[in-house]
Amino acid sequence: MQSKQLQKYPLDEDIINYYMKLAIEQSKIATDKLEVAVGCVMVKFTNNNQDHEIIAQSHNKTNQYGNATLHCEINCINEILDKNGQNYDEQQIFKQITLFVTCEPCIMCAYSLSLMGIKEVYFGCYNEKFGGNGTILDLNTANYGANTYPSYGGFLEEECKQVLKQFYEKGNLNLDEDKRHRRKKKEDKEEIISS
Amino acid sequence: MQQLLPKDFLATANVQQAIVVEFENKKTNFMIKKYGNDQYFNLKNLNHIKRIRKSEENPTNVQFFLRLKDDFNDEVEQNIPEEIKPYSLKEVEVAVNMPRTKEQFLQFNKYWPITYKVQQYEIVQFTDIEQKEINQIMRQCIEQAKQTYEKQNKFNACAIYDPNKKKILQFAVDETCRKQNSIKHCTMNVMKLFGQNYIVTAQQKATIVEKVKDIQDEEKNQEDKLQKEDGEEVEEEKKDKINSKRKSEESIEESLSSYYYCTGLDVFIVQEPCIMCSMALIHSRVRRVYYSLKNPKQEQFGGLNEDLMINHMDSLNHSFLVFQNVESEYANTTLSNCQQHDELPK
């Protein structure tokens with residue numbers, strides 16, 4: 001645990017920032033579609049981290065399909081495995097794949113990445129409610145019966161937070177009014193003032 | 001069947017030494033008024049501890065709880081107000097963990113008096129009928145698990161149950177066959193299918209409402225026409241029409257009364273869900289989880305057991321009740337039968 005902060009990440013900061021920005025773009029697409037504003041990019045690194053190409057990119061789709069488990073990481077995993085058809089070894093595929101995500105993977109996603117045996121994870125802001133890569137549980141380092149993987153956080157943290165903030169200021173418009181945590185307070189107030 | 005409870009429900013008393021101040025009981029009111037909520041004598045996490053008790057040795061004296069012995073220092077002693085002199089400091093034993101059940105309360109209360117709030121965590125008592133129904137649903141799940149096991153998947157299946165309508169809404173089985181896509185656990189599959197079949201998204205809702213309006217308008221037009229054509233209708237035909245109208249209205253209502261993920265629904269799983277699936281259940285906001293077999297911790301860790309109760313973590317925004325060992329004997333015998341069947345041909 002202590003060595004986690006001292007440990008230096010193996011990629012150049014330019015490359016990390018480049019892909020983090022792509023992930024942020026995905027999260028902005030999510031905001032436009034009224035989905036929770038988290039996006040991610042999965043990148044295949046080969047030739048000693050010299051060559052890299054995007055394998056999958058996605059954002060949260062929980063509202064679109066009415067399925068609370070469709071976080072962006074899960075979408076990417078499914079997309080990659082569907083591409084490969086049949087007869088493959090998922091551990092071999094994910095051994096080369098690095099994840100860039102705007103928000104720390106939740107406990108569910110962190111364990112699914114662990115099951116897949118992903119290479120590395122870089123994330124933006126920390127997730128104080130559900131974080132599975134060190135905040136609430138350390139599913140990436142502790143032995144929970146699946147693979148472990150290095151995880152580094154805090155890249156472009158402010159930008160990632162901003163997108164999430166913008167989303168939560170609006171509230172989840174896909175929900176019925178009475179089920180929303182955050183209701184239209186501002187508009188109500190304006191109505192009272194105007195009336 | 002047995003309800004999975006947090007560890008502290010079964011905990012024995014964690015007894016620690018504490019310092020109390022003993023003085024004449026005439027001065028009790030003064031002490032409580034002035035120092036009942038004072039920062040010098042605050043109880044921190046020991047809110048269940050009562051402030052004061054009668055001295056056992058001297059009935060004209062009372063004892064006032066100051067602090068645990070570890071937190072006690074000279075500064076605290078200096079802050080004891082002069083008005084209550086003469087006083088003496090005494091060491092007592094106190095149970096510092098909060099009682100969650102009545103048995104615990106009776107046991108903990110023997111040390112220093114404490115308070116007990118009933119039902120901090122709901123303990124469910126089932127009637128025989130409910131119990132039978134639960135067992136029956138679990139048996140159906142086990143049957144599904146058996147079928148998927150024969151296709152070389154893990155012996156696991158899952159059902160979503162609506163406790164109000166008393167109806168199973170969705171079945172799903174494990175599909176991690178040949179280690180391809182090992183996140184296709186039955187819980188993840190059931191959420192996918194449930195979303196496809198039962199959840200009406202906001203956009204779909206809007207289109208349904210529009211369609212219904214169109215249909216209703218058409219019906220009205222037709223009725224008007226019919227009434228104009230012949231004013232007298234046979235009564236039976238009228239009744240039929242009304243009935244069919246009601247039915248169509250009901251079906252529309254049903255399709256619009258959408259679920260918000262799995263809010264208020266119960267989930268039945270044959271084997272204990274792994275950490276990923278446990279969290280998926282939290283994201284889906286289920287009401288209760290029933291599972292039959294505990295995870296043996298060989299391959300993947302379970303998320304709903306005494307060690308790792310993901311359903312009861314404070315930081316998460318949702319929690320649900322868990323019941324384990326539902327029809328576990330039946331599940332075990334079915335599983336071992338399947339395994340024997342596998343071994344025979346070899």
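The model shown is predicted, which means the values in this text are computed figures rather than measured ones. So you know, we letter chains A, B, ... as the sequences are listed, proteins then strands, and number each from 1.
The candidate from A:Lys129, A:Met116, A:Gln91, A:Met108 with the greatest count of non-hydrogen atom pairs under 4.5 Å with chain B is A:Met108. Residue with the most contacts toward chain A among B:Ile310, B:Leu308, B:Ile275, B:Thr263: B:Ile275 (heavy-atom pairs, distance under 4.5 Å).
Residue contact with chain B, scored on non-hydrogen atoms closer than 4.5 Å, is absent for A:Ile80. Residue A:Ser114 does not touch chain B at all, counting heavy-atom pairs closer than 4.5 Å. At a 4.5 Å heavy-atom cutoff, the contact between A:Ile136 and chain B is made by side-chain atoms alone. Residue contact with chain B, scored on non-hydrogen atoms closer than 4.5 Å, involves the side chain of A:Cys106 exclusively. Heavy atoms closer than 4.5 Å to chain B are found in the backbone of A:Asn143, but not in its side chain. When heavy atoms are compared at a cutoff of 4.5 Å, A:Leu70 does not approach chain B at all.
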Could you give me the CA-CA distance, side-chain angles and deciding distance for B:Ile282 and A:Ile107, then say whether side-chain contact (heavy atoms from CB on, under 4.5 Å) is met? CA-CA 10 Å; B:Ile282 286 175; A:Ile107 292 169; over 6 Å; no
Walk me through it: do B:Lys184 and A:Leu81 pass the test side-chain contact (heavy atoms from CB on, under 4.5 Å)? CA-CA 11 Å; B:Lys184 277 196 173 176; A:Leu81 293 181; over 6 Å; no
CA sep, side-chain torsions, deciding dist, call: B:Met188, A:Asn78, side-chain contact (heavy atoms from CB on, under 4.5 Å): CA-CA 12 Å; B:Met188 303 297 274; A:Asn78 281 330; over 6 Å; no
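Across all their heavy atoms, A:Tyr111 and B:Met276 have their closest contact at CD2-N, 3.5 Å. Scanning both residues, A:Asn67 and B:Lys192, for their nearest heavy atoms gives ND2-CA, 3.2 Å.
Between the OG atom in A:Ser112 and the CE atom in B:Met279 there is a gap of 12.0 Å [rounded to 0.5 Å].
Crowding of A:Lys83 atom NZ: a count of heavy atoms from other residues, nucleotides or ligands under 6.0 Å exceeding 12. For B:Gln2, the CD atom sits in a packed shell: over 12 heavy atoms of surrounding residues, nucleotides or ligands are nearer than 6.0 Å. For A:Asn47, the CG atom counts as densely surrounded, since its 6.0 Å shell holds more than 12 non-hydrogen atoms of other residues, nucleotides or ligands. With a 6.0 Å radius and a threshold of 12 heavy atoms from other residues, nucleotides or ligands, A:Lys119 has its NZ atom above the threshold.
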